[in-house]
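Report on the following structure.
Bear in mind that the values here come from a model prediction, so they are computed numbers and not experimental data.
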Amino acid sequence: YAVRHAQLDLAKPHLVKALALSDRLSTRERLRVTAWLAIANQRYDEAIAASRALFERDDTDPEVAVQLITLLHGEGRIEEALGIAQRASATAPASGAVLNVLGLSYSLLGRHDDAVAAQQRQVALAPASANALDSLGLALQWAGRYEEALESYQRALDLDAGFEVAWFHRGNTLAQVGRYQDAREAFARAMAVAEHDADRARGLTLVGLVELARRDLAAAEGAFARAQALTGRTPPEAALLADVGGDRTAAMAVARASVGRGANRGAGATRRFNSYL
């Protein structure tokens with residue numbers, strides 16, 4: 001719940017109980033639970049400290065490395081994350097998960113050729129992994145190589161048609177190249193296979209952005225409203241709709257309400273979008 005899906009309230013009771021029962025755990029396992037509870041409580045500095053202590057105890061454990069790198073990404077400490085990723089890829093060269101976050105670190109720094117190369121190495125290690133192909137697609141998309149990205153996402157979906165993240169990423173790329181109807185269909189497929197309301201709300205928000213790009217403001221408003229009904233909060237993207245509609249006061253109200261720190265999978269959500277708003 002806390003690390004893979006950012007369902008923090010669902011996670012907390014289990015992790016609190018786990019820590020209360022941890023007297024028979026090893027120091028390593030107690031640190032793991034401590035890091036997970038800190039993630040659930042959005043105390044990311046504490047989570048980084050615990051994860052770094054785990055990594056320094058054993059820098060060959062891919063799961064620990066990925067957790068630390070992901071947390072550093074969330075805090076905008078990208079150069080630091082890259083250093084950990086490079087070290088981890090040297091000590092665990094056969095880990096696709098480490099190559100994944102290594103590639104993401106390069107993408108975040110705008111080093112797109114390095115990012116694509118890292119993700120290609122991941123695919124070479126696991127050619128039947130939908131996640132590896134999705135990560136390669138994301139690196140290609142970020143590099144502006146849209147047709148190659150779409151091909152990689154499609155290969156991922158051919159392997160696993162229920163992989164909603166690849167549907168989201170494919171839809172985003174289709175929207176970037178102006179294929180709005182195809183994008184909406186991809187988002188619909190993502191929502192159809194999603195397990196959590198938060199993921200379905202993500203799909204509706206992306207549909208709203210497509211409708212906004214098409215200047216169908218009524219359809220965009222409807223999509224954002226349905227997303228809000230699922231999560232109980234107004235999507236920050238609704239500020240863009242209010243702005244396009246000429247209601248700057250409403251746009252600022254939505255933007256200000258969104259500045260609270262969100263959660264991503266295993267880390268804090270990036271502050272970039274809040275800053276943009």
Side-chain angles (χ1 to χ4, degrees), residues 1-13 39-44 70-71 73-76 108 138 141 164-176 178 180-277:
Y1 285 135
V3 177
R4 300 196 184 278
H5 293 288
Q7 305 289 304
L8 305 186
D9 290 338
L10 291 174
K12 289 176 190 177
I39 290 169
N41 286 323
Q42 294 184 276
R43 295 201 296 262
Y44 297 117
T70 301
L71 283 161
H73 284 169
E75 300 310 293
L108 287 165
L138 196 60
Q141 179 189 350
E164 80 272 9
V165 171
W167 283 117
F168 281 135
H169 291 162
R170 180 171 170 79
N172 287 339
T173 309
L174 289 165
Q176 280 185 279
Y180 296 132
Q181 182 59 40
D182 291 338
R184 286 184 293 185
E185 291 174 4
F187 297 144
R189 293 291 296 272
M191 289 184 281
V193 298
E195 296 181 11
H196 300 280
D197 280 347
D199 293 323
R200 286 183 277 272
R202 174 185 180 183
L204 288 165
T205 299
L206 292 170
V207 168
L209 288 175
V210 167
E211 299 297 358
L212 187 58
R214 295 177 62 246
R215 288 301 188 263
D216 189 337
L217 304 192
E221 183 177 10
F224 291 146
R226 287 154 57 205
Q228 181 177 356
L230 286 175
T231 64
R233 60 184 292 270
T234 303
E237 291 83 354
L240 306 177
L241 172 63
D243 186 47
V244 170
D247 191 343
R248 186 63 56 82
T249 300
M252 288 298 296
V254 174
R256 289 197 176 102
S258 74
V259 297
R261 190 72 192 282
N264 206 339
R265 289 173 293 176
T270 176
R271 295 179 173 87
R272 287 204 331 262
F273 188 60
N274 286 346
S275 299
Y276 170 69
L277 286 181

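Summarising the local packing, CD of E185 is surrounded by more than 12 heavy atoms from other residues, nucleotides or ligands at distances under 6.0 Å. For R43, the CZ atom is densely surrounded, since the number of other residues' heavy atoms within 6.0 Å is greater than 12.
For T205 and E237, the side-chain atoms include no donor-acceptor pair closer than 3.5 Å.
The distance from atom CD of Q141 to atom CZ of R170, rounded to the nearest 0.5 Å, is 11.0 Å. In this structure, R226 CZ and T231 OG1 are separated by 13.0 Å, a value rounded to the nearest 0.5 Å. Rounding to the nearest 0.5 Å gives a distance of 4.5 Å between CG of D243 and CZ of R248. Note: Q228 CD to R233 CZ = 9.5 Å, rounded to the nearest 0.5 Å. With values rounded to the nearest 0.5 angstrom, M191 atom CE is found 12.5 Å from W167 atom CH2. A distance of 7.0 Å separates CG in L108 from CZ in R272, rounded to the nearest 0.5 Å.
Closest approach of A183 and A175 over heavy atoms only: CB-N, 3.8 Å. Nearest approach of A2 to A40, heavy atoms of both residues: CB-CB, 4.1 Å. Of all heavy-atom pairs spanning G203 and F187, the tightest one is O-CB, 4.2 Å. The two residues A227 and P235 have their closest heavy-atom pair at CB-CG, 3.9 Å.
No side-chain heavy atom of F224 sits less than 4.5 Å from a side-chain heavy atom of L204. For the pair Y180/L174, no side-chain contact is recorded, criterion being any heavy-atom separation below 4.5 Å from C-beta on. No side-chain heavy atom of L8 sits under 4.5 Å from any side-chain heavy atom of L10. Residues V254 and L240 are not in side-chain contact: their nearest non-hydrogen atoms beyond the backbone lie 4.5 Å or more apart.
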Review point. Can you check side chain to side chain contact (heavy atoms under 4.5 Å, CB included) on L71 and I39, steps first, answer last?
Key: CA-CA 9 Å; L71 283 161; I39 290 169; 3.9 Å; yes

Practice item. Any chance you could lay out the side chain to side chain contact (heavy atoms under 4.5 Å, CB included) test for D216 and V210, step after step, and finish with the verdict? Key: CA-CA 9 Å; D216 189 337; V210 167; over 6 Å; no

Check your understanding: Going through the distances and angles, do E164 and R202 end up as a side chain to side chain contact (heavy atoms under 4.5 Å, CB included)?
Key -> CA-CA 11 Å; E164 80 272 9; R202 174 185 180 183; over 6 Å; no

Point to revise | Test log, rule side chain to side chain contact (heavy atoms under 4.5 Å, CB included), inputs Y1 and D9 | key: CA-CA 9 Å; Y1 285 135; D9 290 338; over 6 Å; no

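A salt bridge links D197 with R200; the closest basic N to acidic carboxylate O contact falls under 4.0 Å. Between E211 and R184 there is a salt bridge, since at least one side-chain N of the basic residue sits less than 4.0 Å from a carboxylate O of the acidic one.
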